[in-house]
Every structure is written in C-alpha cells, then in structure tokens.
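Below you'll find the structure, written out as structure tokens, and then a few comments.
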Amino acid sequence: MIVTRALTKRYGRTLAVDAVDLDVREGDRYAFLGPNGSGKTTLVRMLLGLVYATSGEIEVLGKPIPARAAAVLPSIGSLVEGPAAYRHLSGRRNLELFDAAGAGGRRDRTRRVEDALDQVGLAGIDRRPVSAYSLGMRQRLGLAAALLRRPRLLILDEPTNGLDPRGIREIRDLLIALNLAGTTVFLSSHLLSEVEQLGTRVGIVDRGRLVLQDDLAALRAATGRVLVRSPDAPLISALLDGQVVARDGERVIIRHADAAELNAHLVGHGVRVSAIEAEHRTLEQVVLDVTGHGSDRIGGPE
Ligand code: ATP
C-alpha cells in the first residue's frame with residue numbers, strides 16, 4: 001500500500017527524514033512512532049505529495065508519488081495537522097462543500113456526508129458553526145472529510161491530537177472497525193500507549209531514521225518469564241528457589257517458558273494461583289532497546 005525507498009528530506013542543515021524504507025501492507029494498522037520533531041509530519045506530507053522529497057522514491061497504491069498523485073489521491077483519506085475548515089459554516093456544510101466534486105447525485109452526497117458524520121460521532125452536533133467546535137470536534141470533522149470517499153487507505157498524522165480520553169477511544173474504535181472492514185490505516189503517533197492499543201505493525205523513527213519496522217506481535221515476544229499472583233507467594237520462593245526473579249507481595253516473577261506447565265506444577269504442590277500469564281516485552285522496552293532512550297524521548301501517556 002505504501003513503499004518508500006531511501007526517502008530523504010533535508011531542510012537546510014536539518015535532516016528531517018533520513019533514508020526511510022517504509023513497507024505498509026494491505027490490511028495493516030501501521031503506526032509510525034516517534035517523538036515530536038522526529039520527522040513524522042514531513043514524511044506524511046511527502047506521502048501525500050504535499051512536500052517534495054530531497055531524494056528517494058515513494059509508491060502509494062503501486063503508483064509513484066508525486067508523479068501520479070492525482071490518480072492515487074482519490075483512493076486515499078488523509079488528515080494532516082490541523083485540518084482546515086470554514087469556521088463560520090457548520091460541520092455538515094463544510095463536508096458538503098468538501099464533497100461537492102464527489103460522484104453521484106444529491107441524494108448520494110447527502111448520504112455520504114451523513115455516514116461520515118455518523119462514523120466520527122458528530123451527528124447531532126454537526127449544525128453548529130465550526131468556530132464553536134472544540135479541538136477534538138475539529139479533528140473528528142477532519143477525519144469525517146477523510147472518510148467521505150470510503151478510502152482504501154487512510155493516512156493520518158497524529159489523529160488523536162487534542163482529543164480527550166473518551167474522544168481518543170472513539171477514534172481508536174472507529175479506526176479498528178474501518179480496518180477490520182478492509183481499510184488499511186497508516187498513522188503517526190508519539191504515544192506508546194496509543195500505538196500499543198491500535199497498531200498491528202509499527203515503524204519506530206528516531207531523529208528522522210527508521211530504526212525498526214515489524215509486526216507488533218513479533219516485537220512483543222515472550223520474555224521467557226511468567227508473572228504469577230498468589231496468596232502463597234512465600235511458598236513459591238521455597239518451591240522454585242533459583243527460578244524466582246522477583247517477589248513483591250503476592251506478585252512473583254518466575255523464569256519459566258510455559259505458563260500452563262508452571263501453573264500445573266504450582267497447583268500440584270498446593271500453591272493457590274489467583275493469576276498467571278507469560279510476560280511479554282513492552283513496546284517501551286523495544287523502543288529503549290533500539291534507540292537507547294526511553295519514554296522521556298518517546299512519549300508515554302500524557
Ligand atoms: P511534531 O509531532 O512535533 O510535528 P514531527 O515528528 O512531525 O514532529 P516534523 O514536523 O516532520 O517532525 O519535523 C522534523 C524536523 O524538520 C524538525 O527538526 C523540524 O524543525 C524540521 N522541519 C519541519 N518542517 C520544516 C520546514 N518547513 N522548514 C524547516 N524545517 C522544518
């Protein structure tokens with residue numbers, strides 16, 4: 001859906017995007033994760049043909065960008081920093097104007113606008129002027145505009161910026177639903193938690209360079225340790241001496257490859273187990289490993 005080869009953008013002495021090889025596949029919810037200033041917006045703008053690359057190649061839906069942008073853009077929905085709208089007009093009117101060149105008759109257009117408003121949760125409040133919208137509502141209106149053409153691919157720059165926790169969840173649920181219905185989603189984010197909850201594939205960018213790109217499930221591999229919660233924690237220490245990595249109240253971390261087998265072993269020795277699960281690497285740990293710096297540079301929850 002998106003391929004870039006050695007994509008580079010230089011602003012004077014600043015290397016905003018540095019030889020990035022993106023590979024976004026059909027069906028992905030691809031999260032492009034990096035701290036503020038790491039080049040995410042610049043990359044998104046290049047994908048959409050809004051900014052020329054200094055060097056490198058871009059293909060979106062199999063066609064070169066910017067050369068074939070006019071042919072590709074109608075199949076893409078996009079949202080880049082602060083979507084523009086006429087502030088004195090209502091959200092609905094803005095969408096109607098935005099959609100004016102769309103296919104079909106008036107009834108088709110009305111239905112498209114209503115569907116889009118519905119999907120982003122603006123139906124009912126769409127007749128207010130945009131000047132009265134909160135930042136989150138404006139962001140949702142931008143997303144509604146991106147959805148008007150029922151795109152195969154969504155390219156979104158920090159889509160949850162400015163939203164409250166409820167708004168973030170609504171957008172997350174919406175993007176997952178659209179993705180499950182067949183839309184490939186590419187989004188940038190500086191929030192680890194958002195990427196963990198939303199992404200199926202992640203690219204980690206650090207000072208313009210793509211330092212890692214992989215499926216999230218593969219990155220979050222098992223650590224070979226098991227987390228156990230038990231009211232008999234001291235008994236576990238006695239039983240598995242040498243395998244216990246840490247103990248804190250009822251919580252015990254045990255070096256063991258198989259949670260089910262460990263559970264049977266503990267229960268067989270009269271240890272009551274209230275919770276047990278294999279430990280997985282967190283995305284934060286992955287980021288730390290590949291960049292050498294953690295959540296102070298790549299944001300955790302704000
Ligand atoms: P943020 O989330 O804060 O927007 P970002 O990861 O999207 O950050 P970019 O906005 O792409 O990062 O910026 C990457 C680098 O390029 C920064 O150092 C920025 O100052 C620089 N930059 C971006 N746009 C321009 C421009 N038009 N002229 C000069 N420098 C720019």
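Order of appearance sets the numbers: ligands from 1, and atoms from 1 within every ligand. The structure presented is a predicted model; accordingly, all values stated were derived computationally and were not measured.
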Can D289 and Q285 be counted as having a side-chain donor-acceptor contact under 3.5 angstrom?
->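 There is such a pair between these side chains.
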Neighbour list for ligand 1 [protein residues, heavy atom under 4.0 Å] |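 Within 4.0 Å of ligand 1, the protein residues are Y11, T14, A16, P35, N36, G37, S38, G39, K40, T41, T42, E81, E158.
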side-chain hydrogen bond (donor to acceptor under 3.5 Å, both in side chains) involving R255 - partner list, sequence neighbours excluded |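 Expected list: none.
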Just by modelled atom types, is the E279 backbone N or O under 3.5 Å from a matching donor or acceptor in the T223 side chain?
->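 Yes, the answer is positive, given that a donor and an acceptor are paired below the 3.5 Å cut-off.
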Any I76 side-chain heavy atom under 4.5 Å of L47 side chain =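 A side-chain contact is absent here, since even the closest heavy-atom pair is not under 4.5 Å.
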Test L122 against every option in L141, L143, L95 by the side chain to side chain contact (heavy atoms under 4.5 Å, CB included) rule and name the one that passes.
->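 Exactly one pass, corresponding to L141.
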Would you call D21 and R5 a salt bridge, taking side-chain N to carboxylate O under 4.0 Å as the test?
->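 Looking at R5 together with D21, the answer is no, because their closest N to O distance does not fall below 4.0 Å.
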